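For reference, the structure is listed below as structure tokens.
Note that the structure is predicted; figures quoted are calculated from it, not measured.
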2 protein chains.
Amino acid sequence: MTKPAAPDPTLLLDNQLCFMIYRLQRSITDRYRPILAEIGLTYPQYLVMLALWESRRLTVSQLGDRLSLDSGTLSPLLKRLETAAFIQRKRSTVDERLVEISLTARGRALRRQALAVPPAIGECFASSADEYWALRHQLSSLLERVETANAADQAG
Amino acid sequence: MTKPAAPDPTLLLDNQLCFMIYRLQRSITDRYRPILAEIGLTYPQYLVMLALWESRRLTVSQLGDRLSLDSGTLSPLLKRLETAAFIQRKRSTVDERLVEISLTARGRALRRQALAVPPAIGECFASSADEYWALRHQLSSLLERVETANAADQAG
DNA sequence: TCAATATAAGTTGTGCACAATCTATTTATG
DNA sequence: CATAAATAGATTGTGCACAACTTATATTGA
């Protein structure tokens, strides 16, 4: 008779909140993928476009701050959005280190189509407004705790 | 005087729960990265090892079911774990389509070191047991809703 | 003024994720 | 039994993420 492989519950996969959030994130991306594909975007590209529809004109590092992404991720992503003619990149004349990202006419026009995305996703996140706000609150405090812990590690 | 760029709140980045979960997932991975690096694992590799510490022996597709990953992701990942001598792969003699993944001595030994991971992550997920279980419940019902919606799309 | 430092963006290399395809094996069916 | 269909796993190609490095420009301060 052999001992059970993992008697200690601390390492059980299903006890890990991180595993739940890992699956949740991929599930959500799965849900967005076919809907965003219809308007020619991936999920990270959609987030960039959301940021630009709010701000029209951002430097690469401002976008990075907004989305918590570095130039190693953004540079090639933005190149693809430029190839798709949704955005323009222009060196700033004031400070030639900066590259300013702005929407093209096609990028601005895409916003009308994107308005159909949230309804198409449906109510799978929350079945009521109350639930939505409760969840939003929980997730935001969880996010803050993790980011604070990370920042503390960075410093200490 | 120009109109605000995004008067419609449905496309505001910060109103998207998905964006919160996207950042949360990356924040959590950031938190695990340095801790797991000390025992020579990435975060997805850690999840695979957790599954194997529970089951000792799994086929590639059983692992895929457990983690919701396909062979396109698992094959190269398992190859890296094999190179690191944490796991072994062996063709099943009963059904030669199957590849059985099992732990090496080194892989089993790694479990003792991994026991230090959850304490090292600390209490950034929940500050109390009650909060932990509440969060776990919320996330699991959210996950189920999204997966159900995805499955419904698949069918319909 | 001009050398040290800092900042912005891009590049390179590694490792997931996932779609699409391929090969080998097994099971189902005529 | 022979062939069609299904299944398991690997491979290829694309697109993030992120670390480490490079180049160009700006800022600083001796």
Side-chain angles (χ1 to χ4, degrees), chain A residues 18-19 22-34 36-37 40-49 58-84 87 89-101 150 154, chain B residues 18-19 22-34 36-37 40-49 58-84 87 89-101 150 154:
Chain A
C18 66
F19 180 48
Y22 168 79
R23 280 185 299 166
L24 183 56
Q25 160 58 18
R26 287 192 299 128
S27 246
I28 291 173
T29 308
D30 284 349
R31 181 134 190 81
Y32 274 89
R33 190 174 298 108
L36 291 177
L41 294 176
T42 65
Y43 181 69
Q45 288 166 11
Y46 175 63
L47 296 180
V48 167
M49 294 304 288
L58 289 169
T59 65
V60 173
S61 48
Q62 283 171 333
L63 254 176
D65 288 345
R66 192 82 179 87
L67 304 176
S68 312
L69 292 170
D70 67 6
S71 69
T73 300
L74 284 175
S75 286
L77 188 157
L78 292 171
K79 199 176 291 181
R80 286 186 281 272
L81 284 178
E82 188 180 35
T83 301
I87 65 160
R89 32 171 91 220
K90 206 180 68 183
R91 278 283 159 194
S92 164
T93 48
V94 182
D95 183 339
E96 292 197 10
R97 292 172 303 181
L98 307 178
V99 170
E100 290 177 335
I101 308 298
N150 282 340
Q154 203 75 13
Chain B
C18 67
F19 180 49
Y22 168 78
R23 280 184 299 165
L24 182 56
Q25 161 57 18
R26 286 192 299 128
S27 245
I28 290 173
T29 308
D30 285 348
R31 181 132 188 82
Y32 274 90
R33 188 173 299 109
L36 292 177
L41 294 175
T42 65
Y43 181 69
Q45 289 168 9
Y46 175 63
L47 297 180
V48 167
M49 294 304 288
L58 289 169
T59 65
V60 174
S61 48
Q62 283 171 333
L63 254 175
D65 288 346
R66 192 83 178 86
L67 304 176
S68 312
L69 292 171
D70 67 7
S71 69
T73 302
L74 283 175
S75 286
L77 188 155
L78 292 171
K79 199 175 293 181
R80 285 185 282 272
L81 284 179
E82 189 181 34
T83 301
I87 65 161
R89 31 171 91 219
K90 206 181 66 182
R91 280 279 161 194
S92 165
T93 49
V94 183
D95 184 339
E96 292 196 11
R97 291 172 305 182
L98 307 179
V99 170
E100 290 178 335
I101 307 297
N150 283 340
Q154 203 76 12

Would you say the side chain of B:Ile101 lies within less than 4.5 Å of the side chain of B:Val60, judging by non-hydrogen atoms?
yes
Side-chain heavy atoms of B:Val48 within contact of B:Leu74, under 4.5 Å:
yes
Toward the 5' end of DNA chain D, by each residue's nearest nucleotide, A:Arg97 or A:Ser68
A:Ser68
Please tell me if B:Arg26 has a side-chain N or O lying less than 4.0 Å from either OP1 or OP2 of D:dA17.
no
The answer to which of A:Arg33 and A:Ser71 contacts DNA chain C further toward the 5' end, by nearest nucleotide, is A:Ser71
Can you check the A:Glu100 CD to C:dA8 C1' distance for me, whole Å?
12 Å
B:Asp95, nearest nucleotide to its side chain (from C:dT25, C:dG10, D:dT25):
C:dT25
For residues A:Ile87 and A:Met49, determine if any side-chain heavy atom of one lies less than 4.5 Å from a side-chain heavy atom of the other.
yes
If only side-chain N and O atoms of B:Ser61 are considered, is one of them under 4.0 Å from the OP1 or OP2 phosphate oxygen of D:dG9?
yes
Indicate whether OP1 or OP2 belonging to D:dA17 is found under 4.0 Å from a side-chain N or O atom of B:Thr29.
no
Interatomic distance, CZ@B:Arg33 vs CG@B:Leu41, rounded to 0.5 Å, equals 13.5 Å
B:Arg80 side-chain proximity, nearest of D:dG9, C:dT25, C:dC16
C:dC16
Of the listed nucleotides (C:dA17, D:dC16, D:dG9), which one gets closest to any side-chain atom of B:Leu69?
C:dA17
Selected nucleotide, minimal atom distance to A:Asp70 side chain, candidates C:dA17, D:dC18, D:dG9:
D:dC18
Would you say that A:Leu69 contacts B:Arg26 through its side chain, given a criterion of any heavy-atom pair below 4.5 Å between the two side chains?
yes
Could you state the CZ-C1' distance from A:Arg91 to D:dT23, rounded to the nearest angstrom?
10 Å
Between A:Val94 and A:Pro44, the residue closer to the 5' end of DNA chain D by nearest nucleotide is A:Pro44
Can you identify which nucleotide, out of C:dA17, C:dA9, D:dC18, has its nearest atom closest to the B:Thr73 side chain?
C:dA17
Considering only side-chain heavy atoms of A:Leu98, which listed nucleotide, D:dT11, C:dT26, C:dA9, is closest?
C:dA9
Whole angstrom is fine here: how far is it from CD in B:Glu82 over to P in C:dG15?
15 Å
Per B:Thr42 side chain, nearest of listed nucleotides C:dA17, D:dT7, C:dG15:
C:dG15
In whole angstrom, give the distance that lies between atom CG of B:Leu74 and atom C1' of C:dC16.
11 Å
On the nucleotide D:dC16, are OP1 or OP2 found under 4.0 Å from the side-chain N or O atoms that B:Tyr22 carries?
no
Mind calculating the distance between CG (A:Leu41) and C1' (D:dC16) to the nearest angstrom?
14 Å
Is there a side-chain contact between B:Lys79 and the phosphate of C:dG15, meaning an N or O under 4.0 Å from OP1 or OP2?
no
Take the angle between the ring planes of B:Tyr32 and B:Tyr46 and call it parallel below 30°, perpendicular above 60°, tilted in between.
tilted
Using a cut-off of less than 4.0 Å, is there contact between a side-chain N or O of B:Arg89 and OP1 or OP2 of D:dA10?
yes
Whole-Å distance between D:dC16 P and A:Leu47 CG?
10 Å
Does B:Gln45 place a side-chain N or O at less than 4.0 Å from the phosphate oxygens OP1/OP2 of C:dG15?
no
B:Tyr32 OH to D:dA17 P, in whole Å, measures 20 Å
Rounded distance (Å) that lies between atom P of C:dT26 and atom CD of B:Glu96:
5 Å
